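A quick note: this is a predicted structure, and the numbers were derived from the prediction, not measured.
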Amino acid sequence: MVKHTEDKTAQTIAISNNLEPKAGGIEEESLLCERWPVSNLVAILNNPADMITHYEDDFLSFHEESGKLIEALLGNVQLGMLNVRFGVGGVTTDMAQPFELSAAFLEFLWKTERPICHWIRHQASEIDIVASQGRAYAIADAACEVQNITGMSRKEAISNQCYSSYLRQIYLRAFNLYGVFPLKKEELGLKGIDPIAHVSKGRSFDPSACNGPQLEMYAREHFFNFSINFEVFSILKNLPYRFSLPEQLQTRDWKKVIQIELTSSWMRGESGQWLEAALETLNRYDINQTKQHTG
């Protein structure tokens with residue numbers, strides 16, 4: 001059974017955390033706490049070493065419950081093509097092998113990926129309850145590591161005007177290196193969740209001309225708010241895996257990439273209907289942006 005913890009509103013938690021206003025990174029800190037609530041967040045970030053033991057039992061409960069959910073989800077599913085990870089920010093998936101866009105490859109991939117992604121979307125509330133149990137410990141432990149690497153405390157990072165990047169490194173580690181099937185450190189920023197990118201008010205970007213992690217984030221957000229079909233989501237989310245890890249960080253014309261792949265699919269005698277739908281999704285974004293600027 002999932003242990004249901006007492007619900008707290010983001011407003012109450014923000015007040016109890018006593019977040020300081022108008023300092024570099026502090027706004028992100030507040031937004032992160034609203035999106036992924038953590039009681040005593042500021043106390044945890046200020047004194048992470050003192051907080052690790054305090055939240056250790058909660059983290060063990062998270063690990064136990066998340067393991068049960070992952071086991072129930074996967075059952076006898078063969079995951080040779082797909083990685084499924086349960087961290088303190090929720091459940092994510094990524095490719096375990098090179099991504100292809102042939103009809104045969106997509107059909108085979110979607111037999112596994114479709115039910116998993118629909119389950120993640122349908123069980124979002126239950127997943128978040130479980131994930132929240134391990135969040136405080138993961139943030140405290142990650143904050144200790146970042147503090148050791150940088151030689152700075154939270155307050156010193158704020159004083160040195162580098163708190164945004166300091167906080168980002170904490171959250172990247174906390175959300176991706178703890179839980180069931182975590183990422184490797186060298187994969188941070190390429191796979192998994194970048195929490196600050198999700199909440200930053202300055203993160204507006206064109207999904208047809210962005211880097212791989214941004215395109216993946218765009219696809220996730222629009223699938224989980226029911227804006228795009230699963231097939232389009234899968235193509236856009238996994239498209240960066242057509243490239244090497246360094247190349248995934250480069251800004252790319254994704255409409256051009258899809259158009260080339262679409263032409264190749266036609267040459268193979270395939271309909272390419274979902275590639276066309278993915279291309280239309282990116283074109284629709286451009287049309288909507290044009291209307292906003294001219295309206």
Enquirer: Is there a side-chain contact between Ile120 and Phe224 (heavy atoms, below 4.5 Å)?
Expert: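 Counting from C-beta outward, Ile120 and Phe224 do come under 4.5 Å.
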Enquirer: Trp36 and Phe175: aromatic ring centres closer than 6.0 Å?
Expert: yes
Enquirer: Once you round to the nearest 0.5 Å, how far does OH of Tyr166 lie from CD1 of Ile149?
Expert: 10.0 Å
Enquirer: Does Phe86 belong to the same Ile/Leu/Val/Met/Phe/Trp/Tyr cluster as Leu60, with side-chain heavy atoms less than 4.5 Å apart forming each link?
Expert: no
Enquirer: Do Ser153 and Gln147 come within less than 4.5 Å of each other through their side chains, counting heavy atoms only?
Expert: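 Contact flag for Ser153/Gln147 side chains = yes.
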Enquirer: Would a 4.5 Å heavy-atom cut-off, applied to side chains only, mark Ile258 and Leu236 as touching?
Expert: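 The answer is yes, as the side chains (C-beta and beyond) meet within the 4.5 Å cut-off.
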Enquirer: Grab the two heavy atoms, one from Pro182 and one from Gly179, that are nearest each other, plus how far apart they are.
Expert: CD-O, 3.6 Å
Enquirer: Of the non-hydrogen atoms in Glu100 and Leu106, which two are nearest, and what is the gap between them?
Expert: O-CD2, 3.8 Å
Enquirer: State the CD1-OG distance between Ile260 and Ser265, to the nearest 0.5 angstrom.
Expert: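 The OG atom of Ser265 is 12.5 Å from CD1 of Ile260, to the nearest 0.5 Å.
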Enquirer: Does Gln161, at its CD atom, have more than 12 non-hydrogen atoms belonging to other residues, nucleotides or ligands within less than 6.0 Å?
Expert: no
Enquirer: I'd like to know whether Gln97 forms a side chain to side chain contact (heavy atoms under 4.5 Å, CB included) with Tyr241, so could you lay out the CA-CA distance, the side-chain angles of the two residues, the decisive distance to 0.1 Å, and finally the verdict.
Expert: CA-CA 8 Å; Gln97 64 181 57; Tyr241 295 105; over 6 Å; no
Enquirer: For the pair Ser234 (side chain) and Phe230 (backbone), establish whether a donor and an acceptor sit closer than 3.5 Å, ignoring hydrogens and angles.
Expert: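 No, the answer is negative, given that no donor and acceptor are paired below the 3.5 Å cut-off.
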Enquirer: Hey, what do you get for CG (Leu275) to CG (Leu262), rounding to the nearest 0.5 Å?
Expert: 5.5 Å
Enquirer: Are the side chain of Ser30 and the backbone of Ile26 linked by a donor-acceptor contact shorter than 3.5 Å?
Expert: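 Pair absent, no side-chain N/O of Ser30 close to backbone of Ile26.
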Enquirer: For Cys162 versus Met152, what's the shortest heavy-atom pair and its separation?
Expert: SG-CE, 3.5 Å
Enquirer: Should Trp266 and Ile235 be regarded as members of a common hydrophobic cluster, given that ILVMFWY residues are connected when their side-chain heavy atoms come within less than 4.5 Å of each other, either directly or indirectly?
Expert: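 Hydrophobic grouping puts Trp266 with Ile235.
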Enquirer: Treating Glu270 as the side-chain partner and Ala103 as the backbone partner, does any N or O pair qualify as donor plus acceptor under 3.5 Å?
Expert: yes
Enquirer: Rounded to the nearest 0.5 Å, how far apart are CD1 of Ile44 and OG of Ser39?
Expert: 6.5 Å
Enquirer: Using a 3.5 Å distance criterion without hydrogens, assess whether the side chain of Glu247 forms a donor-acceptor pair with backbone atoms of Ser244.
Expert: yes
Enquirer: Tyr178 and Ala142: which non-hydrogen atoms are nearest, and at how many Å?
Expert: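 Distance-wise, the nearest heavy atoms are OH-N, 3.4 Å.
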Enquirer: Any side-chain donor paired with an acceptor under 3.5 Å for Glu29 and Tyr163?
Expert: yes
Enquirer: I'd like to know whether CZ of Phe243 has more than 12 heavy-atom contacts from other residues, nucleotides or ligands below 6.0 angstrom.
Expert: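 Result for CZ/Phe243: enclosed.
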Enquirer: Go through it in stages, so that I can follow the logic: the residues are Thr112 and Met81, the test is side chain to side chain contact (heavy atoms under 4.5 Å, CB included), and I'd like the CA-CA distance, side-chain angles, deciding distance and then a yes or no.
Expert: CA-CA 9 Å; Thr112 300; Met81 303 178 71; over 6 Å; no
Enquirer: Report yes if some heavy atom in the side chain of Leu282 is under 4.5 Å from a heavy atom in the side chain of Trp254; otherwise report no.
Expert: yes
Enquirer: Is the closest basic N to carboxylate O distance between Asp58 and Arg135 below 4.0 Å?
Expert: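 Judged by the 4.0 Å cut-off on N to carboxylate O distance, Asp58 and Arg135 do not form a salt bridge.
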Enquirer: Look only at the side chain of Asn211 and the backbone of Gln214, and say whether a donor-acceptor pair between them is shorter than 3.5 Å.
Expert: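 Indeed, once roles are kept as given, a pair shorter than 3.5 Å links the two residues.
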Enquirer: Closest approach of Ser208 and Asp206, non-hydrogen atoms and distance?
Expert: OG-OD1, 2.7 Å
Enquirer: Taking all non-hydrogen atoms of both residues, which atom of Gly90 and which atom of Ala131 are closest, and how far apart?
Expert: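 Minimum heavy-atom contact is N-CB, 3.9 Å.
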Enquirer: Under a 4.5 Å cut-off applied to non-hydrogen side-chain atoms, are Leu69 and Val91 in contact?
Expert: no
Enquirer: Apply side chain to side chain contact (heavy atoms under 4.5 Å, CB included) to the pair Met51 and Ile139, showing each step before the final yes or no.
Expert: CA-CA 10 Å; Met51 295 293 185; Ile139 290 173; over 6 Å; no
Enquirer: Which label fits Phe62 and Phe59: parallel for a plane angle under 30°, tilted from 30 to 60°, or perpendicular past 60°?
Expert: tilted
Enquirer: To the nearest 0.5 angstrom, please state how far the CZ atom of Arg220 sits from the CD1 atom of Ile193.
Expert: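 Answer rounded to 0.5 Å: 7.0 Å.
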Enquirer: Return yes if some donor-acceptor pair links the side-chain N/O of Asn225 with the main-chain N/O of Ser227 below 3.5 Å, else return no.
Expert: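 Yes: the side chain of Asn225 pairs with the backbone of Ser227.
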Enquirer: Quick one: are Glu28 and Arg168 in side-chain contact, heavy atoms under 4.5 Å?
Expert: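 Sidechains of Arg168 and Glu28: no contact.
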Enquirer: Return yes if some donor-acceptor pair links the side-chain N/O of Asp128 with the main-chain N/O of Ala124 below 3.5 Å, else return no.
Expert: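 Not a single qualifying donor-acceptor pair exists.
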Enquirer: Does the pair Leu32 and Leu167 meet the rule for a side chain to side chain contact (heavy atoms under 4.5 Å, CB included), with working shown?
Expert: CA-CA 10 Å; Leu32 288 166; Leu167 187 65; 3.7 Å; yes
Enquirer: Looking just at side-chain N and O atoms, do Lys237 and Thr93 make a donor-acceptor pair shorter than 3.5 Å?
Expert: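 Lys237 vs Thr93: donor-acceptor pair found between side chains.
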Enquirer: Return the CZ to CG distance between Arg173 and Asp141, rounded to the nearest 0.5 Å.
Expert: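 Nearest 0.5 Å value for the CZ-CG distance: 11.0 Å.
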Enquirer: Determine whether Lys191 and Asn83 make a side-chain contact, defined as any pair of heavy atoms from C-beta on separated by less than 4.5 Å.
Expert: yes
Enquirer: Contact between Leu101 and Leu239 at the side-chain level, heavy atoms closer than 4.5 Å - yes or no?
Expert: yes
Enquirer: Is it true that Leu82 and Phe108 fall in one hydrophobic cluster, defined by side-chain heavy atoms closer than 4.5 Å?
Expert: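 Yes, Leu82 and Phe108 fall within the same hydrophobic cluster.
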Enquirer: Does the gap between the ring centers of Phe223 and His118 come in under 6.0 Å?
Expert: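 Centroid separation for Phe223 and His118: below 6.0 Å.
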Enquirer: Is Asn47 reaching over with its side chain to a backbone N or O of Asp50, donor-acceptor style, under 3.5 angstrom?
Expert: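 Not confirmed, Asn47 side chain does not pair with Asp50 backbone.
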